[in-house]
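Quick note on labels: first sequence line is chain A, next is B, and so on, each numbered from 1. Note that these values count all heavy atoms, side chains included, but never hydrogens, waters or copies made by symmetry.
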Amino acid sequence: MDYDFKKIEKKWQEYWAANHTFQVTEDESRPKYYVLDMFPYPSGAGLHVGHPLGYIASDIYSRYKRLCGFNVLHPMGYDAFGLPAEQYAIQTGQHPAVTTAKNIARYREQLDRIGFSFDWSREVRTCDPAYYKWTQWAFLKMFGSYYDNDRQSARPISELVEAFEKNGTEGVNAACSEELSFTAGQWKAMSEKEKSDALMNWRIAYQGVTSVNWCPKLGTVLANDEVKEGYSVRGGYPVEQKKMTQWQLRVSAYAGRLLDDLEDLEWTDSLKDMQRNWIGRSQGAEIVFKALNGDQEYDITIFTTRADTVFGVTFMVLAPESDWVEKLTAPEQKAAVEEYLAMAKKKTERERIAETRKVTGVFTGSYAVNPLTGDKVPVWISEYVLAGYGTGAIMAVPAHDSRDYAFARTFDLPIIPLIEGCDVSESSFDAKDGIMCNSGFLNGMTVKEAIPAAIEYVEKNGLGHRKINYRLRDAIFSRQRYWGEPFPVYFKDGIATPMPEDKLPLQLPEVDKYLPTESGEPPLGRAADWTYEGWPIEKSTMPGFAGSSAYYLRYMDPHNDEALVSEKADRYWRNVDLYVGGTEHATGHLIYSRFWNKFLYDLGYVCEKEPFRKLINQGMIQGRSNFVYRIINTNTFVSCGLKDQYETTEIHVDVNIVHNDRLDIDAFRKWMPDYADADFILENGEYICGYAIEKMSKSMFNVVNPDMICDTYGADTLRLYEMFLGPVEQSKPWDTKGIDGVNRFLKRFWRLFYDRDGFIVTDGKATPAELKTLHKLIAKEKADIEAFSYNTTVSAFMIAVNELYEQKCNKREILEPLVILLSPFAPHICEELWEALGHRESIAFASFPEYNEAYTVEDTCTYAVSFNGKTRFTVDLSKSMDKDAVEAEVRADSRTAKYVGTASIVKVIVVPGKIVNIVIK
RNA sequence: GCGGAUGUGGCGAAAUGGUAGACGCGCCACUUUGAGGGGGUGGUGGGAGUUUUCCUGUGCGAGUUCGAGUCUCGCCAUCCGCACCA
């Protein structure tokens with residue numbers, strides 16, 4: 001009987017669906033384990049072989065954990081709101097919900113063929129009103145909260161209002177957009193509208209004017225992580241800076257906690273570093289400089305990490321967008337400043353990046369007073385100072401900052417070195433190293449001593465205060481698009497008012513077109529009656545990351561209409577134990593999701609402060625393109641090895657009609673009408689194609705569809721092969737070379753159970769050699785799976801099966817545990833064999849075999865011995881020898897050898913595979 | 001510029017500090033079958049001897065160690081992330 005994977009895979013996929021094999025419920029009697037994949041955006045192109053890599057890895061882990069007795073939550077869903085469906089809708093007029101549903105159906109079909117153990121009863125779709133009800137709910141909670149810096153926690157905004165009524169802003173320490181101060185009396189005197197505007201300064205979800213990334217082509221704003229080098233990540237359109245009123249999330253309030261809590265996560269160092277970088281903590285001080293414009297005095301606050309260099313300040317610089325620019329521009333410089341500002345404004349973000357390091361600037365005509373020296377220094381304006389970081393103004397220390405140095409050189413400003421013996425004739429001395437000089441009371445200190453000393457001095461004398469600055473900005477939360485979650489907010493007399501919770505979800509209205517209105521409003525402006533109790537409803541929608549920020553919580557309790565997640569379900573499933581997905585979400589989703597979770601944690605809705613305990617980043621699968629070589633002006637194609645003898649053009653050929661770089665000539669003739677009567681110059685009777693590693697894309701004809709592999713080799717082969725290709729975390733090209741080897745292994749595995757006449761498993765007693773093979777494999781698989789080293793596990797299976805095959809082992813005692821071991825990797829074939837072995841229940845309910853060391857230890861060990869690593873001989877030692885004693889002796893002797901220096905060194909190899917040293921005199 | 005990762009055969013890749021190249025692909029030889037993108041056996045880093053073997057070998061250069069692909073330092077190369085962040 002042959003291994004008929006088509007029949008087997010269809011049979012078991014239907015069985016799992018019909019029997020709800022992978023459906024789970026909270027079961028207090030078993031420990032939980034939560035394995036999550038980053039849910040996909042269902043694009044129109046369907047899955048290619050790269051997509052399932054992470055899903056297969058996590059599926060193997062889920063199935064393994066289940067065999068080990070865990071109650072495993074392993075759900076899947078769709079991140080279904082997003083730009084592509086909307087762009088498609090604009091072009092075709094088809095409702096995004098329709099195309100999205102179609103794409104989801106296609107995804108599901110493809111996923112089902114690979115045999116995943118998802119609990120589909122928990123599927124979520126972010127565009128489903130029953131789902132986005134809870135996205136909107138979370139937004140309302142954020143709108144109704146502020147961040148208390150003293151308690152380091154989100155609190156209801158009502159508490160803040162109470163405080164204002166009692167003492168105004170006095171004693172309030174809360175995260176805000178700008179420092180405001182008013183008394184209780186002033187607060188009470190405010191109109192409702194004024195109060196509402198004031199509270200926006202503290203709300204966690206708030207509306208405010210900010211400089212945004214505006215993409216004219218897409219007609220919407222984008223978050224920082226949605227923009228790369230001045231172009232939109234989705235679509236690649238140019239992006240410009242624009243000041244607009246937008247909904248924002250006060251993510252910056254959580255910067256400290258987002259940074260600190262990284263410590264306890266089992267994420268890779270590189271990913272943690274990316275987040276640290278993005279959060280960008282820097283410790284320093286804010287120092288106030290008095291500046292004079294004519295008779296008017298202004299305070300300029302600057303941020304610095306190098307308070308020790310204040311004595312070297314020779315000028316100050318403002319960002320062009322800074323509010324101080326207008327105040328400090330002297331009448332005689334007005335024309336020059338305006339010209340400079342106009343020039344700076346005209347430049348796009350893109351141009352600024354391109355012109356990095358080109359020094360530009362203009363003098364304001366004003367001077368500021370150095371608070372430590374009393375010296376007057378000029379105030380300049382330059383693009384190299386960013387409005388969005390720190391205070392938008394800096395003190396310039398050209399001797400010890402390379403940017404200030406370049407500026408000083410360009411505009412011929414003085415440079416005062418502050419460190420003994422440093423050379424600033426060619427470049428600045430940026431290192432925080434050396435002894436201070438020219439620095440008053442700091443003279444003689446090292447830089448490391450001077451920094452805290454300077455800050456202390458500044459604080460004592462009321463010139464400023466210590467400060468920690470973060471690069472992380474608040475997230476811009478509105479998008480001028482149709483296909484997203486509507487904001488449950490309406491404007492009553494112009495005051496942003498939350499809708500009552502029991503009116504959620506606020507469903508997306510129907511519109512005639514998906515384009516902005518003629519007056520430039522977002523598409524929701526087209527909705528016929530987009531009002532609540534007669535008041536207009538917010539017209540922008542939420543960004544993509546809104547729906548994906550808390551989906552892992554919703555899986556815990558997906559059908560709950562009363563809460564995002566019930567307390568019971570949350571207490572049981574807690575958080576994700578293993579999260580698998582791509583690195584591309586390092587600074588987007590993975591930051592927002594952590595923020596969202598912490599916010600819900602502060603309000604007591606979830607019990608864990610971090611959403612994802614362990615995270616694995618699967619590598620990208622690149623495409624492997626194939627080429628044919630056409631001789632110029634002919635329809636004759638020459639094989640790769642002979643192409644240099646002709647003048648040829650290289651043409652991409654569909655990799656699906658090429659096998660191991662050999663072209664299927666008949667298929668090629670049928671592939672495109674132009675090639676129907678193509679001629680070929682062959683080598684050794686075959687047409688060999690060239691190849692290159694490129695991105696997997698339609699235009700290069702190198703997209704390999706998993707359905708194709710499932711048709712030719714079966715899902716189990718696909719799963720094993722994707723794991724066998726190399727470490728999960730590594731990027732690698734897809735190359736079908738070698739898939740035959742894995743397929744051969746499965747056939748051979750099958751032949752342990754069946755020969756051409758039928759089932760051959762017997763109840764005979766296993767030999768020590770057979771038991772050894774089995775138990776070696778158990779030990780290996782346990783260790784490897786825990787370490788996500790799946791490629792070596794697959795190798796171990798191949799070795800084991802080869803050994804058993806050689807021993808002609810067809811004994812139940814060995815084969816039954818073997819099937820369980822392989823089942824996480826190749827579930828279909830294992831279910832089939834499990835059934836053939838007489839089991840009625842799915843193999844998913846089996847238990848992982850126990851490892852017994854006794855079977856793997858040898859009676860006698862052969863030791864290979866070499867003198868000084870040269871001449872070798874072998875010694876046999878009995879296993880009864882006390883290994884620990886041997887090792888202790890070995891170590892002692894090694895020390896002797898080291899001190900005496902004359903002993904010969906002997907290598908001893910201990911089977912299996914262990915090597916220790918001993919010394920023979 | 002800053003940060004992270006990686007570097008081993010023709011290829012994908014293995015190696016708790018202990019026989020480097022497991023396993024697979026490809027290739028070579030033999031074998032089985034009427035035939036196969038079939039089954040099996042043996043070989044396969046390089047260089048000598050060709051049965052017993054020896055030399056050399058993990059990007060380059062040092063170091064620690066009885067012993068380094070593995071640990072430390074310095075280069076070189078590739079990939080990824082951030083980038084005027086004061």
Side-chain angles (χ1 to χ4, degrees), chain A residues 2 229 268-278 280-282 284 302-306 309 317 352-353 355-359 382-386 388-397 400-404 406-407 430 469-472 583-584 586-587 617 619-620 659-662 664 712 720-721 724-727 729-733 735-745 747-748 751 783 789 791-799 802 805-806 864 866 868-870 872 890-891 893-898 901 903-910 913-919:
Chain A
D2 282 340
E229 289 171 4
T268 59
D269 288 342
S270 67
L271 197 73
K272 283 187 187 180
D273 258 5
M274 268 190 231
Q275 291 219 337
R276 286 192 193 107
N277 232 308
W278 192 258
R281 178 192 150 105
S282 49
I302 58 93
F303 175 75
T304 181
T305 54
R306 293 291 303 271
T309 61
V317 189
R352 277 211 193 183
I353 290 165
E355 291 172 20
T356 293
R357 313 242 170 242
K358 196 168 140 190
V359 180
S382 176
E383 285 182 298
Y384 86 87
V385 175
L386 305 176
Y389 184 77
T391 61
I394 61 153
M395 63 176 207
V397 186
H400 301 290
D401 182 287
S402 54
R403 294 152 302 178
D404 298 344
F407 196 82
D430 292 9
N469 231 331
Y470 293 98
R471 202 183 76 105
L472 185 71
T583 350
E584 65 271 22
T587 51
N617 290 120
M620 291 244 282
H659 304 282
N660 291 343
D661 288 339
R662 282 157 184 79
D664 180 337
T712 347
L720 275 169
Y721 185 58
F724 185 64
L725 220 46
E729 295 96 326
Q730 215 164 84
S731 284
K732 57 229 153 192
D735 186 352
T736 334
K737 254 191 341 201
I739 197 166
D740 292 316
V742 171
N743 192 238
R744 229 167 263 161
F745 156 73
K747 286 187 199 158
R748 184 177 277 211
R751 287 205 304 274
S789 179
N791 54 334
T792 53
T793 322
V794 178
S795 294
F797 274 118
M798 291 180 172
I799 295 167
N802 280 343
Y805 200 75
E806 235 164 75
S866 64
N868 292 331
K870 302 232 173 178
R872 287 186 201 144
V890 166
R891 288 202 198 96
D893 283 358
S894 303
R895 265 201 301 279
T896 315
K898 187 177 171 188
S904 298
I905 308 308
V906 181
K907 270 190 182 176
V908 179
I909 303 165
V910 182
K914 279 197 176 175
I915 298 175
V916 292
N917 285 310
I918 62 168
V919 177

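- Note on ring orientation: taking the six-membered ring where Trp is involved, the planes of A:Phe303 and A:Tyr389 are perpendicular (angle over 60°, cut-offs 30° and 60°).
- Comparing atom distances between the A:Gln730 side chain and each of B:G81, B:A13, B:A86 picks out B:A13 as nearest.
- Protein atom CD of A:Glu383 is 12 Å distant from nucleotide atom P of B:C84, rounded to whole Å.
- Residue-to-nucleotide proximity on RNA chain B shows that, of A:Val742 and A:Asp269, the 5′-proximal contact is made by A:Asp269.
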**Prompt:** How does RNA chain B look in dot-bracket notation if pairs are Watson-Crick or G-U with both distances under 3.5 Å, crossing ones as [ ], other-strand ones as |?
**Reply:** (((((((..(((.....[....)))(((((((.....)))))))((((....))))..(((((..]....))))))))))))....

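- Relative to the side chain of A:Tyr389, the nucleotides B:G37, B:G24, B:A86 differ in distance, and B:A86 lies closest.
- Classified by its glycosidic torsion, B:G9 falls in the syn category, the angle being within 90° of 0.
- Atom CG in A:Asp273 sits roughly 15 Å away from atom C1' in B:A83 (whole-Å rounding).
- In this structure, A:Ile394 reaches the bases: a heavy-atom distance under 4.0 Å links it to at least one base atom across the strands shown.
- Here the nucleotide nearest the side chain of A:Leu386, chosen from B:C23, B:A86, B:C25, is B:A86.
- Among the protein residues, A:Asn802 comes within range of the sugar-phosphate backbone only, with heavy atoms under 4.0 Å from sugar or phosphate atoms but none that close to a base.
- In this structure, CZ in A:Phe724 is found 11.5 Å from CD1 in A:Ile739, a value given to the nearest 0.5 Å.
- Following rounding to the nearest Å, A:Met274 (CE) and B:A83 (P) show an atom-to-atom distance of 12 Å.
- For the P atoms, the distance from B:G39 to B:U52 is 32 Å, rounded to whole Å.
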**Request:** Mind running side-chain hydrogen bond (donor to acceptor under 3.5 Å, both in side chains) on A:Tyr721 and A:Asn743 for me, showing each step along the way?
**Result:** CA-CA 8 Å; A:Tyr721 185 58; A:Asn743 192 238; over 6 Å; no

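- Going from the C1' atom of B:A77 to that of B:C27 covers 30 Å, rounded to whole Å.
- Put simply, A:Tyr384 has no side-chain N or O that comes within less than 4.0 Å of OP1 or OP2 on B:A86.
- Among B:G81, B:G4, B:C25, the nucleotide with an atom closest to any side-chain atom of A:Asn277 is B:G81.
- The CD1 atom of A:Ile799 sits 13 Å away from the P atom of B:G21 (whole-angstrom rounding).
- We find that CZ of A:Arg471 is positioned 12 Å from C1' of B:C2, with the value rounded to whole Å.
- In terms of heavy-atom proximity, A:Asp404 sits nearest to A:Met395 at OD2-O, 3.9 Å.
- A:Thr792 has no side-chain polar atom (N or O) that falls below the 4.0 Å cut-off from OP1 or OP2 of B:A13.
- Between A:Arg306 and A:Trp278, the residue anchored nearer the 5' end of RNA chain B, judged by the nucleotide with its closest heavy atom, is A:Trp278.
- Taking the C1' atoms as reference points, B:A48 lies 32 Å from B:U31, given to the whole Å.
- Backbone-only engagement by A:Pro727 is indicated by non-hydrogen atom pairs under 4.0 Å involving sugar-phosphate atoms exclusively.
- Within 4.0 Å of A:Arg748, counting heavy atoms only, lie sugar-phosphate atoms of the nucleic acid but no base atom.
- Using a 4.0 Å heavy-atom criterion, one finds that A:Asn791 contacts the sugar-phosphate atoms exclusively.
- Taking OG1 of A:Thr391 as the start and CD1 of A:Ile302 as the end, the distance is 6.5 Å to the nearest 0.5 Å.
- Taking atom CG of residue A:Leu720 and atom P of nucleotide B:G12, one finds them 21 Å apart after rounding to whole Å.
- Using a 4.0 Å heavy-atom cutoff across all strands shown, A:Arg276 reaches no nucleic acid atom at all.
- Between B:A20 and B:U44, the distance separating the two C1' atoms is 16 Å to the nearest Å.
- Across B:G40, B:A14, B:A86, the shortest atom-to-atom separation from the side chain of A:Val385 is found for B:A86.
- Taken from CE in A:Met798 to OG1 in A:Thr793, the straight-line distance is 11.5 Å, to the nearest 0.5 Å.
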**Request:** Go through A:Arg748 and A:Asn802 one step at a time and tell me if the side-chain hydrogen bond (donor to acceptor under 3.5 Å, both in side chains) criterion holds.
**Result:** CA-CA 8 Å; A:Arg748 184 177 277 211; A:Asn802 280 343; 2.3 Å; yes

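- Here the CD-CG distance, from A:Gln730 to A:Leu725, works out to 9.5 Å after rounding to the nearest 0.5 Å.
- Using atom P as the reference point in both B:G34 and B:G46, the two lie 37 Å apart (nearest Å).
- A salt bridge is absent between A:Asp269 and A:Lys272; no separation between the charged side-chain nitrogens and carboxylate oxygens falls under 4.0 Å.
- Rounded to whole Å, the separation between the P atoms of B:G45 and B:U58 comes to 16 Å.
- Contacts of A:Ser795 with the nucleic acid, taken as non-hydrogen atoms under 4.0 Å apart, include base atoms.
- Contact record, A:Val317 with A:Ala396: CG2-CB, 4.4 Å, taken as the closest heavy-atom pair.
- The side chain of A:Lys732 sits closest to B:A13 out of B:G26, B:A13, B:A86.
- As rounded to the nearest Å, B:A15 and B:C84 have P atoms that lie 41 Å from one another.
- Summarising the geometry, the separation between CE on A:Met798 and C1' on B:G24 is reported as 6 Å, rounded to the nearest angstrom.
- Comparing B:C11 with B:C76, their C1' atoms sit 25 Å apart, to the nearest whole Å.
- One interatomic measurement links the two molecules: OH of A:Tyr721 to C1' of B:C25, which rounds to 8 Å at whole-angstrom precision.
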